[in-house]
Structures are given as C-alpha cells and as structure tokens.
2 protein chains.
Amino acid sequence: MRKISDSTIRRLSLYLRFLEQATTQGRTTISSGELAKLGGTTSAQVRKDLSFFGSFGKRGLGYTVPELASRIRDILGLQRGYRVVLVGAGRMGGALVQYQGFKQRGFHIAAIYDQDARKIGSRWNGLVVRDVRHLETDLKKERSDIAIVATPADSAQQVVDRLVRCGVKAILNFAPVPLAVPPDVRVKHVNMALELETLSYALANR
Amino acid sequence: MRKISDSTIRRLSLYLRFLEQATTQGRTTISSGELAKLGGTTSAQVRKDLSFFGSFGKRGLGYTVPELASRIRDILGLQRGYRVVLVGAGRMGGALVQYQGFKQRGFHIAAIYDQDARKIGSRWNGLVVRDVRHLETDLKKERSDIAIVATPADSAQQVVDRLVRCGVKAILNFAPVPLAVPPDVRVKHVNMALELETLSYALANR
DNA sequence: TTCTGTGAATAGGTTCACAGCT
DNA sequence: AGCTGTGAACCTATTCACAGAA
C-alpha cells in the first residue's frame with residue numbers, strides 16, 4: 001500500500017470526529033467544504049486525503065455522513081476494539097484511565113501497572129493497580145497490541161523493553177525520553193512541555 | 001523573519017532536552033551527528049535547523065553544549081519565564097498542575113480555575129482552585145500570555161473567548177473541539193485519542 | 001582529519017483547476 | 001448547477017554533497 005502521510009491520518013481522525021458530531025445532529029450528508037471548515041483546512045485537502053483510500057462521495061452531492069464515518073473507521077482500524085495496558089499510576093496515569101475519549105473510540109484500558117507498593121492494590125476508575133512484576137504473566141494470558149507508558153523518564157525504556165518482549169506493537173509514550181524499539185513497533189510521543197515551547201516560540205516571534 | 005516550520009521548532013525543543021542531559025553528564029561539546037542520533041533524525045537536519053538562526057558550531061569540533069543550549073533557549077523564547085493559567089480542575093488539570101516538566105522549562109502555573117463549586121477552594125499542589133468567575137478580574141491584575149484549557153468540550157470555546165478578551169495570546173487546548181480565535185492568538189491542540197488512532201492506523205497497515 | 005554551514009537536488013505535501021458524475 | 005476525484009503545478013521540507021574552518 002502507498003505510503004500515507006501522518007498528517008493525512010491525523011486529519012482523517014478529525015474528520016471522523018466531525019462526522020460523529022454531524023450524526024448526532026441528524027445530518028445525512030456533508031460536503032468536503034464543510035469538513036474543511038471544521039478542520040481548518042481546504043476542501044481540496046479533504047478530497048485528496050480521502051482519495052488515497054477510495055472515492056466515497058457522490059458528485060454534486062457530497063458524502064453520506066454515516067457511510068463516510070464507517071469508511072474512515074475502517075481505514076483507521078477502529079472497527080475492532082483495542083485492549084490497552086497502562087504502565088505508571090501517577091497523576092498522568094490517573095487522568096488517562098478515566099479519560100472518556102479513549103473508551104469512546106474503542107480503546108479499552110484493561111490493566112494498570114506500577115512499581116510503587118503504595119499504589120499497588122489501589123482502585124483507579126474500577127481497575128486495581130497491579131504490580132508491574134506481573135506484566136509478563138498477565139500479557140501472556142491476555143495479549144495487548146497497545147500500551148501507554150506514563151512512568152518517570154528513567155524507567156520508561158526498561159518498561160518499553162518488557163512490553164515489546166510481550167508482543168506490544170504500539171506505544172503511546174508520555175515519558176519525556178526517546179525510546180529505542182524494534183522497527184515493527186510504533187511509538188508516539190506526547191510531550192506537553194514541548195507543546196508549550198512551540199507556543200513560547202510563537203509568542204517570541206511576532 | 002523567515003518563516004520557520006513547526007517541525008524545526010519541535011526538533012529544537014528536543015535538541016535542547018538532549019543538551020540539558022549532556023550538561024548534567026558533564027559533556028562540554030557535542031556534534032550534529034550525536035544530536036541527530038538522540039533525536040531520531042540526520043546530522044544534516046540538525047545543522048539545517050540551526051542554520052536558520054545562525055551558525056553556532058565550530059567546524060571540525062561540533063557545538064559547545066552550554067552555548068548551544070543557551071542559543072536554543074533564546075530562539076524558543078525560554079529565557080523569560082511564563083505565567084500560565086489553567087482552566088479546568090478535572091483529572092487532566094490535576095495531572096498538569098503537578099507536572100514537573102512545565103516548571104523546569106520556565107512555565108509557572110500561577111492559577112487554576114473551575115466552575116464546579118465542589119472543586120473551588122480545594123488545594124492542588126499548593127494552589128487553591130478559584131472560581132472561574134474571577135478570571136477577568138484576576139487577569140486584569142496579573143496578565144498571562146499562556147493559558148491551558150482542560151475543561152469539558154462544551155465549555156472550552158466560551159472559556160477561550162474570555163481568555164482571549166483578557167489578552168491571552170497562546171492556548172494549549174486539551175478539549176477535543178476546534179477553537180475559534182483571532183489570528184494573533186496561537187492554539188495548540190493536544191488530543192490523546194487522536195494519537196491512539198494514528199497508532200491504530202499503523203497497526204492495521206503493516 | 002573532522003565536522004560545520006549551505007547551496008543544489010530531491011522528495012513530499014498542498015493547492016489549483018478542471019473534467020466528469022449526479 | 002453543484003460537488004467530487006485527480007493529474008499537474010506549486011510550494012515546502014529534507015537530504016545530498018562539498019567547500020571551508022578548526
């Protein structure tokens with residue numbers, strides 16, 4: 001399959017969000033121009049993004065809302081659900097566990113792990129924090145494709161190594177460190193200080 | 001000033017992180033190749049990124065660690081500190097308040113606001129959650145350039161409108177909605193469900 | 001010899017513009 | 001008439017490759 005840019009994938013996620021909103025508003029059809037306006041882009045961009053995967057619209061009419069939503073879910077692989085394990089029961093971990101946005105999109109946090117004896121056994125949003133030592137045995141019983149790493153920086157790499165050995169293929173990393181993984185494992189970094197720094201740059205240069 | 005791409009700015013932030021790490025390790029000099037390896041890019045990319053702002057290295061030698069760090073801090077506007085206000089004292093807000101990465105980079109969370117009477121008055125990491133009604137009067141007394149919005153989706157736009165009226169020029173938004181702001185105000189979106197969706201796409205297409 | 005700085009070449013992403021359905 | 005789908009044109013970012021300083 002042709003290489004699709006990350007920006008295209010991110011925009012598709014956005015379009016999907018707008019389509020879901022349009023659905024709750026009872027809209028049945030939507031044009032590339034409307035999606036573009038919502039997403040802060042152009043109609044040509046929307047059509048191009050979609051064209052990499054097929055032609056889902058009707059000329060003169062636009063796109064059928066539920067159909068396009070379903071197609072985008074297919075493209076993004078969201079029709080299946082994902083078991084997600086979360087390592088690191090700090091504040092960030094706690095915020096992520098109860099974040100509704102994950103569940104809504106089919107990402108189900110199945111377990112939380114931590115090292116800290118004081119946290120192990122405590123309940124987070126109905127889930128009991130487990131000792132990270134159980135990671136391997138648990139993942140052998142029930143595989144996970146996706147892990148969220150929200151540990152301190154200095155234990156992130158070691159946790160990731162273990163996750164990779166357990167067959168985890170995608171990692172959302174909140175620890176502010178680069179991670180080494182085999183080429184078949186995908187890592188996405190979320191670094192909030194870095195985001196603020198881009199804002200700082202924008203403020204300093206006007 | 002020539003328009004610099006967002007990717008360049010993000011990479012500079014990364015380089016800065018590596019330079020700080022190198023400093024604690026007592027390194028005095030570093031090459032573009034080393035920075036590239038740490039940042040998962042190429043030496044040419046590192047040199048090009050820096051070249052937009054000047055020539056900070058010595059041929060045959062590399063870059064002086066503390067000097068380059070200082071230069072990048074200048075470029076990013078990090079030599080000054082920022083007062084940051086946070087609106088939304090939910091789980092995410094709580095995680096952000098105590099996140100050390102902000103303070104380390106000079107982003108000082110000066111106040112937290114919420115609507116919910118049950119949250120108002122409670123302490124978060126030494127800060128008392130204030131009634132969001134005080135936003136205007138507080139910001140008139142002490143201006144802020146940057147705000148973090150971690151409210152539910154349906155109140156985000158209204159909060160942003162008020163922040164903008166109070167002179168806030170940059171917003172880090174955690175609410176999963178597009179925000180309308182005047183052209184001189186910068187908005188950065190953090191959307192963790194969207195990040196997971198890019199991972200889902202990667203998993204579905206191998 | 002080593003490593004930077006930078007024009008030139010290449011690759012990649014976005015916008016244009018229009019043919020083709022409905 | 002309205003809106004999609006898409007090749008071509010354009011623009012931006014990355015990589016190459018090499019001259020030049022330490």
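All chains are named by letter (A, B, ...) in the order of the sequence lines, taking the proteins before the strands, and each is independently numbered beginning at 1.
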In numerical order, the residues of residues 28-40 of chain B whose heavy atoms come under 4.0 Å of DNA chain C are B/Ser31, B/Ser32
*When you check the side-chain N and O atoms of A/Gln98 and A/Asn125, is any donor under 3.5 Å from an acceptor?*
no
- Task: Applying side-chain hydrogen bond (donor to acceptor under 3.5 Å, both in side chains), run through A/Glu20 and A/Thr23 and close with a yes or a no.
- Result: CA-CA 5 Å; A/Glu20 286 169 350; A/Thr23 303; over 6 Å; no
Testing C/dT15, D/dG2, C/dC18 for proximity to the side chain of A/Arg59, the answer is D/dG2
Atom CZ of B/Arg11 and atom P of D/dT12 are separated, to the nearest Å, by 16 Å
With the side chain defined as heavy atoms from C-beta on, B/Arg47 is closest, among C/dC18, D/dA17, C/dT14, to D/dA17
Atom CG of A/Leu61 and atom C1' of C/dG20 are separated, to the nearest Å, by 15 Å
Checking D/dT15, D/dT14, C/dG13 against the side chain of B/Thr8 (C-beta onward), the nearest is D/dT14
Interatomic distance, CG@B/Asp131 vs OH@B/Tyr113, rounded to 0.5 Å, equals 10.0 Å
Picking from D/dC16, C/dC16, C/dG5, the nucleotide nearest the side-chain atoms of B/Ala44 would be D/dC16
#### Entry: Between A/Asp161 and A/Gln157: side-chain donor-acceptor atoms closer than 3.5 Å
yes
Exactly one candidate in A/Arg10, A/Arg105, A/Arg186 meets salt bridge (charged side-chain N to carboxylate O under 4.0 Å, His left out) with B/Glu195; the answer is A/Arg10
Of the listed C/dT4, C/dC18, D/dT14, the closest approach to the B/Gln45 side chain comes from D/dT14
- Can you tell me if B/Arg17 and B/Ser13 form a side-chain donor-acceptor pair at under 3.5 Å? no
*Are a donor atom and an acceptor atom from the side chains of B/Ser31 and B/Glu34 found within less than 3.5 Å of each other?*
yes
### Message
Please confirm whether the shortest side-chain N or O distance from B/Thr42 to OP1 or OP2 of D/dT15 is below 4.0 Å.
### Response
yes
Comparing A/Asp49 with A/Gly60, nearest DNA chain C nucleotide closer to 5' gives the residue A/Asp49
Picking from C/dT15, D/dT6, C/dT6, the nucleotide nearest the side-chain atoms of B/Lys48 would be C/dT6
- Given C/dT2, is OP1 or OP2 found less than 4.0 Å from the side-chain N or O atoms of B/Tyr63? no
Atom CG of A/Leu68 and atom P of D/dT4 are separated, to the nearest Å, by 10 Å
A/Leu12 CG to C/dG13 C1', in whole Å, measures 14 Å
Test item: side-chain donor near acceptor, A/Thr29 and A/Tyr63, under 3.5 Å:
no
Separation of D/dA13 atom P from B/Ile4 atom CD1, nearest Å, is 9 Å
Between NZ of B/Lys58 and C1' of D/dG20 the distance, given in whole Å, is 15 Å
Atom CZ of B/Phe56 and atom C1' of D/dA22 are separated, to the nearest Å, by 19 Å
When rounded to whole Å, the OH to C1' distance for the pair A/Tyr15 and D/dT4 reads 14 Å
B/Ser5 has its side chain closest, among C/dC21, D/dA19, D/dA13, to D/dA13
